[in-house]
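The structure presented is a predicted model; accordingly, all values stated were derived computationally and were not measured.
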Amino acid sequence: QVQLVESGGGLVQAGASLRLSCAASGRTFSSSMMAWAWFRQVPGKEREFVASIRWSIGSSSYADSVKGRFIISRDNDNNTMYLQMNSLKTEDTAVYYCAAGPSQRSASRYYTYWGQGTQVTVSS
């Protein structure tokens with residue numbers, strides 16, 4: 001049983017930084033978890049792709065809205081993925097979800113495992 005546990009969400013002011021973590025437990029890092037990603041969702045809107053990373057080689061991809069501000073990374077030894085969020089804007093306010101799947105794609109349907117979601121609120 002694979003479990004993704006997120007942490008790091010909270011309330012911050014615009015311009016501040018925040019780092020989200022996603023730790024995996026259970027039988028992890030098989031062929032079904034070659035790609036990890038972050039998504040976010042605002043009530044009433046569809047889940048939006050934020051960033052992804054291919055676990056084996058660390059290649060990453062970002063949504064245009066976060067390029068230059070967010071950095072995705074992973075720690076092989078600790079089985080943990082991170083999302084460093086800098087220069088946060090009020091538009092970044094959303095529930096952020098950790099996900100893993102067999103391929104590195106931007107659509108949520110490609111991901112099999114999901115975390116519970118963590119709230120990020122950016123105030124002006």
Side-chain angles (χ1 to χ4, degrees):
Q1 183 68 41
V2 176
Q3 183 179 8
L4 301 180
V5 181
E6 298 166 310
S7 62
L11 173 64
V12 298
Q13 293 184 314
S17 296
L18 198 63
R19 188 175 76 162
L20 305 182
S21 298
C22 176
S25 62
R27 298 193 179 280
T28 61
F29 306 107
S30 66
S31 59
S32 66
M33 298 180 70
M34 292 295 98
W36 290 49
W38 290 97
F39 289 81
R40 64 188 183 186
Q41 187 169 28
V42 176
K45 298 183 179 180
E46 294 185 350
R47 192 162 296 184
E48 176 189 25
F49 170 78
V50 177
S52 65
I53 187 168
R54 184 171 176 81
W55 195 269
S56 61
I57 60 175
S59 57
S60 59
S61 181
Y62 298 90
D64 289 339
S65 60
V66 305
K67 285 182 178 178
R69 297 190 298 120
F70 291 9
I71 302 172
I72 189 171
S73 62
R74 50 79 168 109
D75 186 328
N76 291 334
D77 295 332
N78 295 318
N79 294 343
T80 303
M81 177 179 66
Y82 303 96
L83 182 66
Q84 177 65 46
M85 303 184 291
N86 300 314
S87 301
L88 283 164
K89 305 175 181 179
T90 55
E91 302 95 287
D92 295 318
T93 296
V95 175
Y96 283 71
Y97 296 91
C98 170
S103 60
Q104 189 177 19
R105 307 294 180 90
S106 60
S108 61
R109 63 187 176 88
Y110 290 102
Y111 295 87
T112 305
Y113 305 99
W114 293 85
Q116 79 288 349
T118 183
Q119 178 70 48
V120 172
T121 302
V122 184
S123 63
S124 60

Handout entry: Spacing of CZ belonging to Arg40 relative to NZ belonging to Lys45, to within rounding of 0.5 Å
Key = 9.5 Å

Give the table of side-chain donor-acceptor pairs shorter than 3.5 Å for residues 5-19, with sequence neighbours excluded, one pair per line with atom names and distance.
residue	atom	partner	partner atom	Å
Glu6	OE1	Gln116	N	3.4
Glu6	OE1	Gly117	N	2.5
Glu6	OE2	Cys98	N	2.2
Ser17	OG	Asn86	OD1	2.9

Practice task
Of all the heavy-atom pairs spanning Val42 and Ala94, show the shortest one and how long it is.
Solution key: CG2-CB, 3.9 Å

Problem - Arg74 side-chain N/O to Trp55 backbone N/O, donor-acceptor pair under 3.5 Å - result: yes

Problem - Residues clustered with Tyr111, ILVMFWY side-chain links under 4.5 angstrom - result: Phe39, Phe49, Val95, Tyr97, Tyr110, Trp114

Handout entry: From OH (Tyr96) to CG (Leu83), nearest 0.5 Å
Key = 7.5 Å

Problem - Nearest atoms (heavy-atom pairs only) where Ser21 meets Thr80 - result: CB-CG2, 4.3 Å

Handout entry: Pairwise distance CZ(Arg54) to OG(Ser60) - rounded to 0.5 angstrom
Key = 13.0 Å

Practice task
Check whether Trp38 and Tyr82 end up in the same hydrophobic cluster, where Ile, Leu, Val, Met, Phe, Trp and Tyr are linked by side-chain heavy atoms less than 4.5 Å apart.
Solution key: no

Problem - Non-hydrogen atoms of Pro102 and Met34 that approach each other most closely - result: O-CB, 3.8 Å

Problem - salt_bridge(Asp92, Lys89) N-O dist < 4.0 Å - result: no

Practice task
For the residue pair Val50 and Met85, establish whether any side-chain heavy-atom pair is separated by less than 4.5 Å.
Solution key: no

Completion exercise
Closest heavy-atom pair, Asn79 versus Trp36, reported as atoms and distance to 0.1 Å, is O-CH2, 4.1 Å

Exercise for the section: May I ask you to decide if Ile72's main-chain N or O and Tyr62's side chain share a donor-acceptor pair within less than 3.5 Å? Expected result: yes

Fill in the blank from the handout: The complete set of disulfide bond (SG atoms under 2.5 Å apart) pairs with one or both residues in residues 40-95, sequence neighbours excluded, reads none

Practice task
Over all heavy atoms of both residues, which pair between Ser65 and Glu48 is shortest? Give the atoms and the distance, please.
Solution key: OG-OE2, 4.0 Å

Problem - Thr93 side chain vs Val122 backbone, donor-acceptor pair below 3.5 Å - result: yes

Exercise for the section: To the nearest 0.5 angstrom, please state how far the OH atom of Tyr113 sits from the OG atom of Ser32. Expected result: 3.5 Å

Fill in the blank from the handout: Rounding to 0.5 Å, atoms OG (Ser59) and CD (Gln104) come to a distance of 4.5 Å

Problem - Arg69 to Ser87 - nearest heavy-atom pair and separation - result: NH1-O, 3.0 Å

Completion exercise
Rounded to the nearest 0.5 angstrom, the CD1-OG distance for Ile53 and Ser61 is 11.0 Å

